[in-house]
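First comes the structure, then the notes that go with it.
All values derive from a computational prediction rather than experimental measurement. Lettering follows sequence order; numbering is per chain, from 1. Computation of the quantities below employed the complete heavy-atom set of this structure, encompassing side-chain atoms and omitting hydrogens, waters and symmetry-equivalent molecules.
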Amino acid sequence: MSISGAPQSESLATPDDFPAQYDPAATEAAIYERWEQAGCFTADASRSRRIGGDRDPYGILMPPPNVTAILHVGHGLNNTVQDVLVRWARMKGLETLWLPGTDHAGIATQNVVEKQLAAEGLTRDDLGREKFVERTKAFVAETGGVILQQLRAIGASADWTRTAYTFSPELSGAVREAFVRLYERGLIYRGHRVIHWCPRCLTSLSDEEAEPKETAGTLYHISYPVADDPTRSITVATTRPETMLGDVAVAVNPSDERYMALVGKHVVLPLLNLRIPVIADDYADPAFGTGVVKITPAHDANDFEVGRRHSLPTPVVIDEHGVMGEVEDASGRVPDPIRGLDRFDARQLIVARLEDSGRLVKKEPHTHNVRHCYRCDTVVEPRLSDQWFVRMQTLAHPALEGVRQGRIRILPEKWVGVYEHWMTNIRDWNISRQLWWGHRVPVWYCQTCEPPNNVMASREDLTVCPHCGSPVVQDDDVLDTWFSSWLWPMSTLGWPRDNSTDLRAFYPTDVLVTAPEILFFWVARMIMAGYAFMGDAPFHSVYLHGTARDTQNRKMSKSLGNGIDPLDVVQRYGADALRYTLIAGMGLGADVMLDPADLDKSFATGRNFATKLWNIGRFLLMNVGGDSVRRFEDVAPSELARADAWILERLDDAIRKCDRAIGPLRPARGVWLEEERVAGLRLNEYAERARQFVWNEVADWYLEAIKTRLLTPGADQQVARAVLVHVFDQALRLLHPIVPFVSEALWQRLPAHVDGTFLATSSWPAPRPSTVADARASQFELIKDIIDAMRRIRSEYAIPPGKMIEAFVVATPDWRQILDEEFSLISRLARTALAFVEWAPAGPAANVVLAGGTELIVPLTGLIDVTKECDRLKTELGSLEKQLAALEARLDNPGFTARAPAHVVEAERIKREEWRTRRGVLRTRYEGLCGKA
RNA sequence: GGGCGAAUAGCUCAGCUGGUUAGAGCGCCUGUCUUACACACAGGAUGUCGGGGGUUCGAAUCCCUCUUCGCCCACCA
């Protein structure tokens, strides 16, 4: 079905153009195109109040997916959450910017292109740096950003006119500016130390990029004979025997009495027959292994520190590829059969040799953490090298305070502790990568000048030295991808241009939505950059959502093959079904469980809901059609029927609850107060209340209640139509952020729709000002109760659905009149005729006591077996007695009446009276029917 | 090793500051093609709220402890 084209006069639905099954495939793409063409998602910076406009701004920055990525369910989840918030804010009347973009993803993209080259039998070295970068650029230009197109299919209402890219000229300028500023502040330095190195990607990695994985390894105990006294030896324990070729000492704890006498003496390094000293250092833990630790400064970060403290040499025996060799200061340390071996093969050989020479004392299984490259999973090798580092401690301080003082909140709150712990123990960030794909380190070296003039960080490319005029060369390294990502909230808005309109209009933004995995990689660093460069946090809320998992609780991933393709879901059930299912199934921070093997079941919730919504629209249009409808605003309160009053009250309640679930737009006073700090962002609660309203209140009750009125021409018909259209319009608004497509499709067909207007840019509903409770609304509750009660009784006694029965009502005159007026409604929905009596007739009967003491009596003569009814009454009476006894005991308890809040006690008293009445009724019936108990 | 979190219906989970008879979706059972919807309607069943102890008039909710899972951090070679 196409929503465009058809003039209003023809919008009266026929079964042909309005099938019972909603067909998202025929609807969604066209709607999205119209939104985009109409500029619904384009933010107008000039309207931001911050630069003199008429609206409060609202901003969300899309976590940029890798430029080579294709959409997976994690993206779907992440972007759906953002889209719900953004659409909500937009409807709330804020000038809303959702800024999309991609990340050039240094290692990841380089790996992809290298794989392509490998398929052609080439390496990056065959091409050379320049050509390789050209090729990668071409690859990105050709295939990159597919994911942004895919995001449109799930309805993402991002401002595509502002799409950013971390490697664009603008953002590259920001990267360089940030680097130079930090360099000038002395916060970036060149460090010579042991860092994480990936021997496959041939680059260094930050601590965060080297992921620890628990591994079952072996702890080898090796005996090192004491020099000059071959009868004695000490035993060291290591998991990496191959590094012993680089040993320069063994360390014991200075307080360890076992080895005190040996400190200052030497031991002989097996295999090499090298004399190395025994040193005392606190690093050695007497309780671990043998208490002796071998020191290999070039191949272990801790050993490096020990070596530095004791001025030890740093022989390098493993090269950049993870192959054994005398790389640096290691002359004679790598004997022939070992040289040229891969590190793991070398381990085997060395262990074998130690075994042969009797030096291997013991092998014991040992599980420990081994770090792996986060991009290619290769075991990371600690490597001594020169890298660029950012001093983090000064940057961390304001970012830590920002969270502690409530400028920023992190939800769910359990992550606050994790954040604080990381921030207080923060270590310097290795930002240089030995890659070709990325922002080149903006540092130039002059061969002629003396330090410190020979090293220059510059905003502009340099060719000659500004000091001496000789040619300069640029640093070969590129920057960590995250060094551009951490500037995202600023760089995408135009930083460092101070006069950037977007920056002034939208910084700081509002909510950052992402997965907890990148809390340190990205979120914490963005906060630090925000304070460092803008003097303020980049957002006030961090929403960390869960992960999509399969039925075995495994994270969905490409490598496990247990993923769900969101586009597949969109194609089968529609984007709305995908979105609704994800939102409804996701508590704050909780994981979403989906079954990749049974999409039908996984997405039934969303699909069914979209269909239900569709059918309500279908009902409305079949009844109201193209006829003119009275404006709801023109309907006087006195014209409203009880059902109208009731549904309007439910609508107000739904709006309030949805608003409360989504929460405050931002902190009321700029800083989160204790009571609002955890408020909102409960999107599942919002979805649930909205669903309840539409399904359980509008569809199940209101629609059923007004069917007769809609079919009966007259003034009341017009009232019913007006209320129905109004209520459904409001419901569509309420649901639009979650199910944008079907809601828009239906909204466009509402009788009063003005051509060219969109639900996406219409206003969010507001509850009516709360007034005194409408008595007629609560009267409708009683009618509902009666119908419910009748349905239960009918079902319990297996009365055939078609059979009309009669019930007697004992009620006060007020209620009697109300029920009399609603007779046809009750009789239609409960298939029961009501007769009014002063007291219950004799004979077997079912009865129910309702609000206001109204008693409903259904004679069962001819319908049931008396013995059975006696049993049933007895059981019911029994359980009532029990519950009543407990209730009475509670009310007799002086502690309860004294300490419980008054309204609780009052409620209990009322309940006691109701139950006592009910007990009396049941007893009378029982005695009348079955004799004395 | 340190820190944090979770355990509620067959499954996935709500249940916020302790207070009517603990809820939803999916699944299951019974009935129904009731003129919007069988992707529906009406009704129904199922819970010692992980075990134990404590605080309280009152505990799924607060405290302690145990068990089992999960997450984060950490240089124990």
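Following rounding to the nearest Å, A:I706 (CD1) and B:A36 (P) show an atom-to-atom distance of 12 Å. Rounded to an integer number of Å, the gap from A:N684 CG to B:U12 P is 17 Å. Between A:E796 atom CD and B:A42 atom C1' the separation is 14 Å, expressed in whole Å. Rounded to whole Å, atom P of B:C13 lies 11 Å from atom CG of A:L594. Taking atom CG of residue A:L703 and atom P of nucleotide B:U35, one finds them 14 Å apart after rounding to whole Å. The distance between atom CG of A:L613 and atom C1' of B:A40, rounded to the nearest whole Å, is 15 Å. What separates CD of A:E685 from P of B:C16 is a distance of 9 Å, to the nearest Å. Atom CG of A:N623 is separated from atom P of B:U35 by 13 Å (rounded to the nearest Å).
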Inset, instruction - Do nucleotides 71-77 of chain B as a string where each nucleotide becomes B, S or -: B if the base has a protein heavy atom under 4.0 Å, S if just the sugar-phosphate does, - if no protein is that close. - result: SSSBBBB
Inset, instruction - For each nucleotide in nucleotides 25-31 of chain B, reading 5' to 3', give B when a protein heavy atom comes within less than 4.0 Å of its base, S when such contact involves only the sugar-phosphate, and - otherwise. - result: SS----S
Legend entry - Trace of the side-chain hydrogen bond (donor to acceptor under 3.5 Å, both in side chains) decision for A:D600 with A:Y573: CA-CA 9 Å; A:D600 252 14; A:Y573 317 114; 2.6 Å; yes
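Between A:R890 and the phosphate of B:U21, there is a side-chain N or O to OP1/OP2 separation shorter than 4.0 Å. In this model, the phosphate group of B:U34 is not approached by any side-chain N or O of A:K707 to a distance below 4.0 Å at OP1 or OP2. Residue A:R792 places none of its side-chain N or O atoms closer than 4.0 Å to OP1 or OP2 of B:G43.
Counting non-hydrogen atoms under 4.0 angstrom, A:D598 reaches nothing in the nucleic acid. Among the heavy atoms of the strands lying under 4.0 Å from A:A699 is at least one base atom, whether or not backbone atoms are also near.
Taking a 6.0 Å sphere around CD of A:Q571, one finds it holds 12 or fewer heavy atoms contributed by other residues, nucleotides or ligands.
A side-chain donor from one of A:E364 and A:H221 sits under 3.5 Å from a side-chain acceptor of the other.
For the C1' atoms, the distance linking B:C4 with B:A42 amounts to 47 Å, nearest Å. B:G25 and B:C75 are spaced 48 Å apart, taking the P atom of each and rounding to whole Å. Nucleotides B:C26 and B:A45 have their C1' atoms positioned 16 Å apart, rounded to a whole Å.
Contact annotation: side chain of A:E704 to base of B:A42, donor-acceptor pair absent below 3.5 Å.
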